[in-house]
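Note sheet for the following structure.
In each ligand, atom 1 is the first atom listed, and ligand 1 is the first ligand listed. Values in this document were obtained by computation on a predicted structure and should not be read as measured data.
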Amino acid sequence: MPLVLYNTLTRRKEAFVPATPGHVGIYVCGPTVYSDPHLGHARGPIVYDVLRRYLLDQGYKVRFVSNITDVGHLTDDADEGEDKIERRAKLERLEPMEVAEKYMWSYFDAITALNVLRPSIAPRASGHIPEMLELTQRLLEGGFAYERKGSVYFRVRAFPEYGKLSGKRLEELRAGARVEVREEKEDPLDFALWKAAEPGHIMRWKSPWGEGYPGWHIECTAMSLKYLGEGFDLHAGGIDLQFPHHECEIAQAEAAGYRFARYWMHHNHVLLEGEKMAKSTGNLVLLHDLLRAHEPMALRFYLLQTHYRSPMDFTWEGLEAAKRGYARLLQAYREVRRRAREAPSGTTPALEEGLEALEGRVLAALEDDLATPQALAAFFDFLPELNKLLPEARRESLQRAASVFHKLGEGLLGLFPERVLEEKVSGPLLEGLIRLLLELREEARRARDYAKSDLIRARLLELGVAVEDTKEGPKWRIL
Ligand SMILES: Nc1ncnc2c1ncn2[C@@H]1O[C@H](COP(=O)(O)OP(=O)(O)OP(=O)(O)O)[C@@H](O)[C@H]1O
Ligand SMILES: [Zn+2]
């Protein structure tokens with residue numbers, strides 16, 4: 001398989017070889033669902049969606065697991081602070097699970113509008129507490145964890161490979177760590193596998209150590225191993241998750257004796273005014289606001305214009321430029337489809353050659369660590385030639401052009417769902433056309449050309465539009 005991906009674990013591009021021939025297992029860290037998604041939340045789903053589409057196109061069976069965090073993600077990375085969902089529940093006067101449900105659907109609605117395929121499994125953390133307890137128990141038994149006042153912490157010192165994903169050195173981390181006053185931890189680097197619930201904490205489950213709730217990191221380890229098995233192919237998420245979240249995930253899995261993910265992918269951030277777009281800081285543009293005002297596929301196109309490992313600065317000018325670029329591609333594709341229906345039969349070798357080159361370039365770009373900007377550039381480089389060939393092109397070659405556009409543009413990049421290709425005549429357009437015909441009819445009447453005015457009326461009637469002449473002028477209705 002020719003696909004090459006940058007593996008964060010080894011810090012180099014590597015050929016991607018799935019553990020089981022013909023199958024690929026992918027786990028992507030999903031959102032903590034306590035508010036509406038912003039544009040940054042769409043980047044990962046779209047990038048990994050292109051990867052998934054590529055693998056499907058290559059004939060792989062892909063199990064794509066992306067979780068929903070509905071418990072355990074605290075406002076503070078050092079295991080202090082409130083649960084993000086529970087804090088929001090208090091603000092909105094809702095049950096925590098109402099908050100999770102509301103924002104989970106808000107997230108799925110948005111990424112579905114962006115033509116992202118639904119995960120094969122979207123496990124929710126709160127539904128996997130037994131798996132997390134079992135893993136915690138195993139770590140305790142192996143001496144990799146300890147219990148303090150009903151909470152259980154991972155003993156980082158017992159796992160010398162801690163830091164291998166992020167390349168961080170334990171001594172430096174320790175020097176920079178904050179030491180809390182009421183610290184229960186042996187080492188400031190230790191992290192919670194299980195937290196004792198304080199009085200008043202709503203989301204709580206029974207455990208061998210009393211009532212509590214899981215740590216955020218143990219959720220993803222437990223759920224990815226459950227659904228993808230040991231040594232699964234690929235684990236992905238935003239670059240902010242590389243440390244500590246993913247570092248902790250690896251420590252938990254491997255200390256418990258399981259082989260963990262073989263490849264790690266991290267996408268860079270969407271920035272606004274140079275800063276990470278984030279819920280917690282309020283530096284954001286909401287996805288739903290963008291989706292209401294702009295073609296979702298133009299947004300998807302905009303995000304794919306930057307390589308996933310580079311930061312992407314969101315600007316309104318950038319969005320407008322992307323809309324224009326997308327419209328050019330869409331127009332070309334529609335034109336190809338239209339002509340493929342009408343052109344005289346035959347082939348156009350120059351067009352076929354151009355298509356083959358396009359296909360080669362797009363595939364080569366994606367196979368080189370998902371170089372989506374280069375894949376899009378290949379389309380734009382092909383446009384002038386395509387536009388030159390179109391007027392004379394013959395049907396069979398145009399049909400092939402349409403299917404190549406479908407395979408590359410929709411199948412791989414997910415940019416042209418059927419919805420955008422249908423050149424639908426909308427309500428306002430229809431009404432305008434009827435009004436225009438009636439105006440022409442009035443003109444004919446004024447010129448005493450009754451044959452023409454009657455003809456217009458008769459033809460409209462055939463189409464199911466009845467015209468009635470009243471004192472206030474002609475009225476029409478759909479039969
Ligand atoms: N600005 C961004 N650009 C790209 N990916 C992002 C961005 N913000 C969050 N993500 C990714 O979205 C996923 C869900 O993240 P999460 O729910 O923790 O959101 P968040 O906005 O980072 O929250 P917070 O601001 O509270 O840290 C993660 O994979 C995370 O890396
Ligand atoms: Zn995760």
| Between the candidates G282, G238, G44, which shows the shortest non-hydrogen contact distance to atom 29 (O) of ligand 1? | G238
| task | Just need the protein heavy atom nearest to atom 25 (O) of ligand 1, so name the residue and atom and give the distance. | result | S280 OG, 2.7 Å
| note | Checked the Zn ion (ligand 2): protein N, O or S atoms closer than 2.8 Å come out as C29 SG, C220 SG, H245 NE2
| message | For K168, is there an ion pair with E172 - N to carboxylate O distance below 4.0 angstrom? | response | no
| task | Look at ligand 1 and say whether C29 reaches it with a heavy atom at a distance under 4.0 Å. | result | yes
| said: For atom 6 (C) of ligand 1, what's the nearest protein heavy-atom neighbour? Residue, atom name and distance, please. | reply: G40 O, 3.6 Å
| query | With a 3.5 Å cut-off and no angle check, do the side chains of H235 and E249 form a donor-acceptor pair? | reply | yes
| Under a 4.0 Å N-O cut-off, is there an ion pair linking E101 with R124? | yes
| said: For atom 14 (C) of ligand 1, what is the closest protein heavy atom, and at what distance to 0.1 Å? | reply: P31 CA, 3.6 Å
| query | Is there a heavy atom in N268 that sits closer than 4.0 Å to ligand 1? | reply | yes
| task | State whether the shortest distance between N or O atoms of M277 and N or O atoms of ligand 1 falls below 3.5 angstrom. | result | yes
| Do E367 and Y54 have side-chain atoms, one donor and one acceptor, less than 3.5 Å apart? | yes
| query | Who's the nearest protein heavy-atom neighbour of atom 11 (C) of ligand 1, and how far? | reply | H267 NE2, 4.2 Å
| said: Quick test: of every protein heavy atom, which one is nearest to atom 28 (C) of ligand 1, and how far off is it to 0.1 Å? | reply: L241 CD1, 3.7 Å
| field | Nearest protein heavy atom with distance in Å, relative to atom 17 (O) of ligand 1 | value | T32 N, 2.9 Å
| message | Under a 3.5 Å threshold, yes or no: a donor from one side chain and an acceptor from the other, between H294 and Y326? | response | no
| task | Starting from atom 10 (N) of ligand 1, find the nearest protein heavy-atom neighbour and note its residue, name and distance. | result | H41 CD2, 4.1 Å
| message | Closer than 3.5 angstrom, by distance alone: can the side chain of Y6 be matched with the main-chain N or O of H266 as a donor-acceptor pair? | response | no
| Set of residues satisfying side chain to side chain donor-acceptor pair (under 3.5 Å) with respect to K276, sequence neighbours excluded | none
| said: Does R63 have more than 12 heavy atoms from other residues, nucleotides or ligands lying within 6.0 Å of its CZ? | reply: no
| query | Would one find more than 12 heavy atoms of other residues, nucleotides or ligands at under 6.0 Å from atom NZ of K61? | reply | no
| query | Does M312 come within less than 4.0 angstrom of ligand 1, counting non-hydrogen atoms of the residue? | reply | no
| message | Tell me whether the NZ or CZ atom of R148 lies within the 45° cone about the ring axis of Y153 and under 6.0 Å from its centre. | response | no
| Short list, please: which atoms of ligand 1 are under 4.0 Å from a heavy atom of A278? | 21 (O), 25 (O)
| Quick one: nearest non-hydrogen protein atom to atom 18 (O) of ligand 1, plus distance? | H73 CE1, 3.7 Å
| task | Supply the atom-to-atom distance K195 NZ to M203 CE, rounded to the nearest 0.5 angstrom. | result | 14.0 Å
| message | Could you tell me, atom by atom, which parts of ligand 1 come under 4.0 Å of a heavy atom of K84? | response | 24 (P), 26 (O), 27 (O)
| Without hydrogens or angle criteria, can the side chains of E320 and W316 be said to hold a donor-acceptor pair below 3.5 Å? | no
| Could you state the interatomic distance from CD (E359) to CG (L408), rounded to the nearest 0.5 Å? | 5.5 Å
| Side chains of E410 and N115, donor plus acceptor under 3.5 Å | yes
| message | Polar contacts were defined as any N/O atom of the residue lying under 3.5 Å from an N/O atom of the ligand; does this apply to Y34 and ligand 1? | response | yes
| said: Under 4.0 Å between a side-chain nitrogen and a carboxylate oxygen: does that hold for E295 and R419? | reply: yes
| task | Nearest heavy atom to atom 31 (O) of ligand 1 wins, so pick from T75, D240, V270. | result | D240
| query | With respect to atom 8 (N) of ligand 1, which of H269, K279, K276 exhibits the smallest heavy-atom separation? | reply | K276
